[in-house]
Amino acid sequence: MTQEFEFTEEMKELREMVREFCAEFSDEQTVRQTMETEAGYDAALWQRFGSELGVFGLAVAEELGGAGLGLVHHAIVVEELGAALVCGPVLGTLCLAIPALSALPEETIRAEYLPGLVSGETTATVAIPQRAGEYSPDDLSVDAVSDGEAFALSGRLDYVADGSTADVLFIAARTPTGVALFAVDSESTGVERTRLFTLDQTRRQATIVLQNAAARLICAETETPDVLVQTLATATALLAASQVGGGQRMLDATIAHVSSRIQFGQAIGAFQAIKHRCANMLIAEEQARSAAYHAAWAIQDGTDEPLIAASLAKAVASESFLWISRSAIQLHGGMGFTWEGAPQLYLKRATADSLTLGTAAEHTERLARVAIDEWEPALV
Amino acid sequence: MTTAEVGVVPDAATIEQIARDVLAEHPPASTPITHLMGAWYDAGLTWVYFPRGFGGLDAPRSLQPLANRLMREAGGPEPRTVNTIGYGIVAGTIRRYATPELASRLLRPLATGEEKWCQLFSEPGAGSDLAGLTTRAVRDGDGWRITGQKVWNSLAHQSRWAILLARTDPDVPKHKGLTYFILDMQTPGVTVRPLRQLTGRAQFNEVFLDEVYLPDTQRFGDVGAGWIVANSTLGDERTSLGDRVSARGSGAIGDALALWAEKPENHSPILREQLTRLWIRAEAHRLTSDRARVAATMGVQGPESAITKLVGSELTQQIYEYCIELLGPEGTLIDTYSPEAPDDESGPTAIQRKYLRSRATTIEGGTSEILRNVIGERVLKLPQELRADKGIPWRDVPR
């Protein structure tokens, strides 16, 4: 077990391995082509990430096809996929479904779904009623009806991450006695999925309407709220790691640009107006990295309150990534405003990320409640 | 009494046993601090990674936090607070550059706090551009004559010793003509005058050097190598950072939280939001400092270590700006501007005093503007800005 922020050689090698794989098989050109396709991702490439590279199950127990290394390793993978804007169900499968399933109490259910998700053969997403990144049962929009043997779900779900391509939909629904979690085969009767056109073309969403769709109960009312709260905290921390990856890539691209762009007879990075903004980009990036990995370590090892750590990570990483990607456009000058330039892709990702699983303002408000309103001076 | 076996690298258990023995024999609560720190030095615990006989045990540097923690838990002082500049900045340079005789003369009273140290680097005309300094050192027999004016010298009025940068060759470019010395502050020709700062106190000094003689044995490093020696000193300053994470909600943000709790009548949604945003930044900075600390113990120096001073100083300033706002009309009051005030941190108007003092944080130890240049050029490897004095003999640089 490593202490917080102890990035080992093995973690660095993992990062390099994922980065190189992305550079080779999901470079910017590939991303641009893939994001224009109907599915929005390359299922064969996704499976190679899962099976050939084998990086989807690092936080999953070994007996379920994973590596049992913990959330920090998983976060490193998600960060690198975010850095390369890899198209695919990163949010639905890696950030939401795998953590949710790992948290389920029933071993047999875990064993049924996780190996397929870890190998990349199947994909999934999770629909959790939420407000401001927090589990919110009042916002439930799906009802579960049982005829004594089988369950059927009805209702409408908006902004479902990777909802139009996921094989399995894990859906929280209201039952007569509370909230339970169900699995729905996305191809089954009564499931109507509508692809949404997203500002970030590399990250897809769908509206899903359920009308008596056959569903399987995978987590009972007694356990479901805890599972959902934990899943949201984990997904939020992972999304923050992805934002860290995107921010780093834009920082690197900007440094490369201002070091080679010559105006007034010298590289523009020599000018303090440019240099100081670059320094501020680095500062923003490093604050986000600290907060995101603190959250990953805290959730992995139980060393901090998960909701505080996750909200802190998301609040900081959202602001950092947005500001860095906007700065990247500014410092790339006219080229930053073109369709061909990379910064536009990252601005759109940064915008989408910052509005997903709770905005920066919402997480800031949550921290205001926990850290300011409920703060008590330590007893001396 | 446990001692470390000579020739064997002490491990954590040995360090712990030696420390516990010293602390048992010299209970911090009832032992004069110089005796306590003297025993600590003699046992090799002041800098465990120094050689034996010089306050160390030839142990790995990574074991120093353990010794500091045991001292702290026993109620003793943080070693660096006994002699801030001496412990944090000078000791490593003495170890590297002083003869063994001189080192053993200097290190023990440094460690006990009996001989305090100050730094004579900055000058009225050489702040950010430190290497452009004008204080001259001229050969005189077996020694040197120093003439010039230094400024921003904290503790100079209480110090027995100073580290000093002076120009030994004006005919080469600025960085190459400097030499590093140590100076006995009791030498004739040294005049210390307090410099009153905007807080009213005189925490700093101006130091005038008029034909001050020092022997060549007090030169550290080669003639002309002063910039290199000084940078090794600054490197020590950066790595002498704490051995532990500060607690969530401590430090400046803790002041703001406490003030918020004390002044419910001044609460407003805008102030609540501002405080939350400062709290978030303080947390991210605290975690980044911890990340830098962990990286340093692993022997890695990443970008996080270069940014913590910059971020921390600007944050501290903004937190006290916020506090003044939160105080409202009460913030218009101050208890005293007496130069003899004991510090800038206590008293009935402590927040106002800290607010005023915080203006220095983004200037001292490298201005925020210079630090952004350093981050841009050394961490991000951006091209250097054009410098009018580059490669020109110091004598010919306009000033």
Side-chain angles (χ1 to χ4, degrees), chain A residues 2-8 251-252 254-255 258-259 265-272 274-295 304 308-309 311-313 315-317 319-320 360-361 363-369 371-373 375-378, chain B residues 245 247-250 253-254 256-258 260-262 267 269 271-295 297-298 300 302-308 310-311 314 368-369 371-377 379-386:
Chain A
T2 56
Q3 65 162 324
E4 181 161 318
F5 298 134
E6 193 181 330
F7 290 96
T8 61
L251 173 60
D252 294 344
T254 303
I255 297 303
V258 303
S259 300
Q266 59 180 321
I268 61 172
F271 296 115
Q272 289 192 350
I274 305 283
K275 186 174 287 168
H276 287 192
R277 186 152 184 176
C278 290
N280 288 341
M281 290 167 77
L282 175 74
I283 289 168
E285 174 65 12
E286 294 303 326
Q287 309 304 303
R289 184 177 300 283
S290 304
Y293 279 92
H294 168 70
D304 192 8
I308 292 184
S311 280
L312 181 72
V316 175
E319 289 203 350
S320 292
H363 285 288
T364 301
E365 174 58 34
R366 184 201 250 182
L367 292 169
R369 292 200 303 274
I372 309 299
D373 301 346
W375 181 79
E376 282 172 17
Chain B
V245 211
R248 173 175 286 164
S250 64
I253 195 67
L257 289 167
W260 174 261
E262 276 168 34
H267 286 187
L271 287 173
R272 176 175 174 271
E273 178 188 334
Q274 288 175 347
L275 179 57
T276 309
R277 292 187 184 281
L278 288 168
W279 183 89
I280 289 171
R281 287 174 55 201
E283 265 300 282
H285 169 62
R286 186 180 71 88
L287 293 168
T288 303
S289 303
D290 190 37
R291 194 152 66 84
R293 184 187 61 82
V294 173
T297 60
M298 295 173 77
V300 184
E304 60 277 4
S305 67
I307 65 175
T308 48
L310 174 58
V311 173
E314 293 187 345
S368 293
E369 289 72 22
L371 290 176
R372 283 192 168 81
N373 280 356
V374 170
I375 290 167
E377 293 175 13
V379 181
L380 297 173
K381 310 285 185 218
L382 290 171
Q384 284 202 346
E385 60 179 322
L386 292 175

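We find that E365(A) and R272(B) are joined by a salt bridge, their nearest charged nitrogen and carboxylate oxygen being less than 4.0 Å apart.
Within the model, atoms OG1 of T254(A) and CG of L380(B) stand 10.5 Å from one another, a figure rounded to the nearest 0.5 Å. With values rounded to the nearest 0.5 angstrom, T276(B) atom OG1 is found 7.5 Å from L367(A) atom CG. Rounding to the nearest 0.5 angstrom, the gap separating the CD1 atom in I280(B) from the CD atom in E319(A) is 7.5 Å. Between the NE2 atom of H285(B) and the CD1 atom of I283(A) there is a distance of 11.0 Å, given to the nearest 0.5 Å. The CD1 atom of I372(A) sits 12.0 Å away from atom CZ of R277(B), with the distance rounded to the nearest 0.5 Å.
Chain B forms the most heavy-atom pairs under 4.5 Å with one residue out of R289(A), H276(A), Q272(A), H363(A), and that residue is H276(A). Between chain A and the residues E273(B), E369(B), K381(B), the largest count of heavy-atom pairs under 4.5 Å involves E369(B). Interface summary for chain B: among A288(A), S259(A), A371(A), A315(A), the most heavy-atom pairs under 4.5 angstrom belong to A371(A). The candidate from I375(B), L386(B), N373(B) with the greatest count of non-hydrogen atom pairs under 4.5 Å with chain A is N373(B). Most heavy-atom pairs under 4.5 Å with chain A: of the set V294(B), L275(B), L310(B), V379(B), this distinction falls to V294(B).
Taking the side chain as every heavy atom from C-beta outward, W279(B) and T364(A) never approach each other to under 4.5 Å. Counting only heavy atoms from C-beta outward, the side chains of I274(A) and L382(B) never approach each other to under 4.5 Å.
Heavy atoms of E385(B) lying under 4.5 Å from chain A belong to its backbone as well as its side chain. Proximity to chain B is limited to the side chain of D373(A), based on heavy atoms less than 4.5 angstrom apart. Of the atoms belonging to L371(B), not a single heavy atom falls under 4.5 Å from chain A. Proximity to chain B (any heavy atom under 4.5 Å) is shown, for R366(A), by neither the backbone nor the side chain. If you measure heavy-atom distances from I307(B) to chain A, the contacts under 4.5 Å come from the side chain alone.
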Practice task
Step by step, work out the side-chain contact (heavy atoms from CB on, under 4.5 Å) result for L287(B) and E4(A).
Solution key: CA-CA 10 Å; L287(B) 293 168; E4(A) 181 161 318; 3.9 Å; yes
- Just do the side-chain contact (heavy atoms from CB on, under 4.5 Å) check on Q287(A) and R281(B) with the steps written out, would you? CA-CA 8 Å; Q287(A) 309 304 303; R281(B) 287 174 55 201; over 6 Å; no
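With hydrogens and angles disregarded, a donor-acceptor distance shorter than 3.5 Å links the side chain of K275(A) to the backbone of P383(B).
Across A261(B) and W375(A), no two heavy atoms sit closer than the pair CB-CZ3, 4.3 Å.
In this view, F7(A) and Y293(A), W297(A) satisfy the ring-ring contact (aromatic ring centres under 6.0 Å, His included) rule, not counting sequence neighbours. Partners of R248(B) under the side chain to side chain donor-acceptor pair (under 3.5 Å) rule, at least two apart in sequence or in another chain, are D304(A), E283(B).
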